[in-house]
Structures are given as C-alpha cells and as structure tokens.
There are 2 protein chains.
Amino acid sequence: MPLDEFDRKILAALQEDARMPVAQVAEHAALSATPVSRRIRKLEEDGVIRGYQPVLDPRKLGLELNAYVLINLDAHSDVNIQRFESAIQDNAYVIACHAVTGDMDYLVHVIARDVEHLSQITLKSLLRIPGVRDVKSIIVLETIKPPLKLPLG
Amino acid sequence: MPLDEFDRKILAALQEDARMPVAQVAEHAALSATPVSRRIRKLEEDGVIRGYQPVLDPRKLGLELNAYVLINLDAHSDVNIQRFESAIQDNAYVIACHAVTGDMDYLVHVIARDVEHLSQITLKSLLRIPGVRDVKSIIVLETIKPPLKLPLG
DNA sequence: TATGAAATAATATAGTT
DNA sequence: AACTATATTATTTCATA
C-alpha cells in the first residue's frame, strides 16, 4: 500500500488540476487511462485522496482580510476544551484551527471581510467563548505563497 | 457580476465535493443542469473559482508534522525581501507564507515528515536564507479544524 | 437575458486479453 | 497494463419565458 512513482505522478498532476481528464493524467504518468482510473479510485479508497475542492478566490467573495489568532484558555479542563473546540467548529469564519506548542494554546486562522469584521469576530465570538483568557492577532498584510500543494517527494 | 443565491448554492455544493456531477449540483441549487454548467464556467472565467484541488491526507504521504514558523529579517531592503520570498517559493515544504503585522515579518506554514525533518528545514533552509535574523516555531500538536471551506454567507 | 429539455460530444469505467 | 466496448457525465443546441 505504499505509493510508487506512478501514484506520485498521478497526485502531482491532480494537484495541478483535479479536474484534469484521466487520459491527460495518464500522459503525465506515462500510463494509459485504465490503470490511472483504477489507481485514482484506490487512492480515494485508501484515504490518500480525501476529496476534491474548488480553489476559491477569497477576495472575489468579499473576504479581504486574513488573520492568525493565537488563543489562550484560562483553565484546561475538559469542559473548557470541549466548549472551545465546538465553538470553533461552528464559526464559519474560522477556517482552520490547531492546538499548538508555546505559550498560546491554539492557532486559529480567521478570514474576514475587513478590519471591522475581524474585530467583531474577535470580540463578539472568540473572546466570548467561555474559558478564553487571551487572544493575540497576527494580521496578514500580503500572501507570498498561497496554500495549494503538498510536497510529494 | 456579483454573486446571487444560485451561485452561492453552486459554490457550497462544490465545496462539499468539487467532482459532484453537474446534475447533482443542479439539485442543490434548485436549477437544471444547463444553467449550472454555464454558471460554473462563468465563475471560473471571472476567477471566483481559480481551479480544483484534491484534498490529500498529509499523514498518508508521510508528512506527520505541521509547524507555523515566524520569521524576522534583519534589514528590509528590496534585495533581502526578494531573496527571501524567492527562497520561500522554491521550498516545497513551505506550503504557505504571509507577510504579517507584529514584531515578526513573515508567518510560514511548514509541513515536515517529523521533528528531525522540521529541524533540518529550519536550520539548513530557512535560517540560511540571507537576511533572516530570527525564527520562532509554533508546532502543531493537533488539528482541531482542517482548512477546507470558505464562508459563502 | 436566462432557463429547461433534448441531442450530441466528451469522458470515465468495466470487461477482455 | 492496454485495448475495446459500454455507461456516465458534460456541453451544446434550440425553443421559450
């Protein structure tokens, strides 16, 4: 079940364009369509490919502001953690969240329409989650490299 | 050219599964296949949909460790910035990078096989970029919410 | 100007070797 | 794994609101 060179070439091609026709993926992998089709299905079944997503332009959706918000809880009880993580799941403007090392507990990726909207999300949603002590916002000024591909080497 | 409710429903369906058949997207949007097909193409042409990506499981690719690395430059000359950003583009394990506010200049999302690999990336690649003064690593312990969807409301 | 239904074209999948 | 045949699916055409 480990990936071979064909699988890597297939994944690389799909990372270029997940809607690329199988025949074209096959060219990239120096294979014919049939085995590529079967391999893609196997990669899906094995959970290597978890799904397919459109890459949307946040600006075209009116979402101009990205921020990374570091959050601290005042007590790390199960209830607090449960409540925090559930509030995070429910907030559509929190597009990612990780528990992290260091003096802050969570790193939260927030996307917002503008500064006022970010402020509203921070003050009215994040800071009001019970157990949240402190938040520090890192605001994105410019995206140098957008998150698109994973390394396959 | 602003998005209407149909467009939002279409985008929401595609965010569930970008390979969903047009007929099925059409059901979600309470429309028939023809206009959905045309609307999707228009969304692509307008740059709202920038492309399509497979969602890969990093663990299945042997990438077990995520880190957010904050980086400081010692001088903000054009050369330094140019050199830094170009080095970032060339590094496949840097999967995203933003210029940010605060006392650090950049927030870099690194994905690595393990702690040793992260250490190697930090010491042998990032810290060796000319102009880099300081790095602070925030290591991801657990992903609470994986980055998948953008809010469409 | 945008839709829906039907016809056509493109593409993916299954069977066979 | 490839070739061929079949089945899905997408797109175009055309009539219409």
Side-chain angles (χ1 to χ4, degrees), chain A residues 1-63 113 146 148-153, chain B residues 1-62 146 148-153:
Chain A
M1 194 206 114
L3 306 185
D4 65 10
E5 268 315 300
F6 290 123
D7 292 319
R8 280 177 214 284
K9 292 232 175 81
I10 289 166
L11 292 176
L14 290 177
Q15 284 203 114
E16 289 300 325
D17 172 12
R19 285 199 162 183
M20 185 183 289
V22 173
Q24 206 175 323
V25 177
E27 280 182 43
H28 279 76
L31 226 54
S32 78
T34 311
V36 169
S37 181
R38 291 204 180 113
R39 276 167 183 266
I40 290 173
R41 179 139 44 99
K42 184 157 182 358
L43 290 164
E44 289 166 354
E45 284 166 359
D46 292 348
V48 179
I49 299 174
R50 298 178 77 103
Y52 300 91
Q53 281 247 180
V55 181
L56 304 184
D57 184 338
R59 294 190 181 198
K60 295 273 164 77
L61 299 171
L63 300 164
R113 290 190 284 274
L148 283 175
K149 294 177 194 175
L150 291 182
L152 300 171
Chain B
M1 196 208 110
L3 306 185
D4 64 11
E5 268 314 300
F6 290 124
D7 292 320
R8 280 178 214 285
K9 292 235 176 78
I10 290 166
L11 291 176
L14 290 177
Q15 283 204 114
E16 289 301 325
D17 172 11
R19 286 200 161 181
M20 185 184 287
V22 173
Q24 206 175 324
V25 177
E27 278 181 44
H28 279 78
L31 226 54
S32 78
T34 311
V36 168
S37 181
R38 279 204 269 260
R39 276 166 182 268
I40 291 174
R41 191 174 23 184
K42 184 157 182 357
L43 290 165
E44 290 166 352
E45 284 165 359
D46 292 348
V48 179
I49 299 174
R50 298 177 75 103
Y52 300 91
Q53 281 247 171
V55 180
L56 305 184
D57 184 338
R59 293 188 181 199
K60 295 274 165 76
L61 300 170
L148 282 175
K149 294 179 193 173
L150 291 181
L152 300 171

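Quick note on labels: first sequence line is chain A, next is B, and so on, each numbered from 1. Side chains are part of it too, since the values below use all heavy atoms of this structure and drop only hydrogens, waters and symmetry mates.
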For residues [X] and [Y], report the shortest heavy-atom separation together with the two atoms involved.
{"X": "B:Arg19", "Y": "A:Ala18", "value": "NH2-O, 2.6 Å"}
{"X": "A:Arg8", "Y": "A:Leu152", "value": "NH1-O, 2.7 Å"}
{"X": "B:Lys60", "Y": "A:Asp46", "value": "NZ-O, 2.9 Å"}

Candidate pair B:Glu16 and B:His28, rule side-chain contact (heavy atoms from CB on, under 4.5 Å), full reasoning = CA-CA 11 Å; B:Glu16 289 301 325; B:His28 279 78; 5.8 Å; no
Below 3.5 Å is the cut-off: list the nitrogen or oxygen pairs between protein and nucleotides 7-11 of chain C, distance only.
none

Report the C-alpha separation of A:Ile49 and A:Leu11 in whole Å, then their side-chain angles, then the decisive distance to 0.1 Å, and conclude whether the side-chain contact (heavy atoms from CB on, under 4.5 Å) test is met.
-> CA-CA 9 Å; A:Ile49 299 174; A:Leu11 292 176; 3.8 Å; yes
Contact list for DNA chain D against residues 2-18 of chain B - heavy-atom distance below 4.0 Å |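 Hits under 4.0 Å, by residue number: none.
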Quick one, which residues of residues 28-43 of chain B touch DNA chain D with a heavy atom under 4.0 Å?
->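 Nucleic-acid contacts, sorted: B:Thr34, B:Ser37, B:Arg38, B:Arg41.
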More than 12 non-hydrogen atoms from neighbouring residues, nucleotides or ligands closer than 6.0 Å to CZ on B:Arg59, yes or no?
->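 No.
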Under 3.5 Å: donor-acceptor pair, side chain of B:Gln15, backbone of B:Leu150 |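 Yes; judged by distance alone, with no hydrogens or angles, the pair exists.
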Kindly indicate, with the supporting measurements, whether the criterion side-chain contact (heavy atoms from CB on, under 4.5 Å) is fulfilled by A:Leu61 and B:Leu3.
-> CA-CA 8 Å; A:Leu61 299 171; B:Leu3 306 185; 3.5 Å; yes
After noting the C-alpha distance and the side-chain angles of A:Leu63 and A:Arg113, does the key distance pass the side-chain contact (heavy atoms from CB on, under 4.5 Å) rule?
-> CA-CA 4 Å; A:Leu63 300 164; A:Arg113 290 190 284 274; 4.2 Å; yes
Looking at A:Val48, A:Val36, A:Leu43, which one forms a side chain to side chain contact (heavy atoms under 4.5 Å, CB included) with A:Asp7?
->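 With A:Asp7 as partner, A:Val48, A:Val36, A:Leu43 yield a single side chain to side chain contact (heavy atoms under 4.5 Å, CB included), made by A:Leu43.
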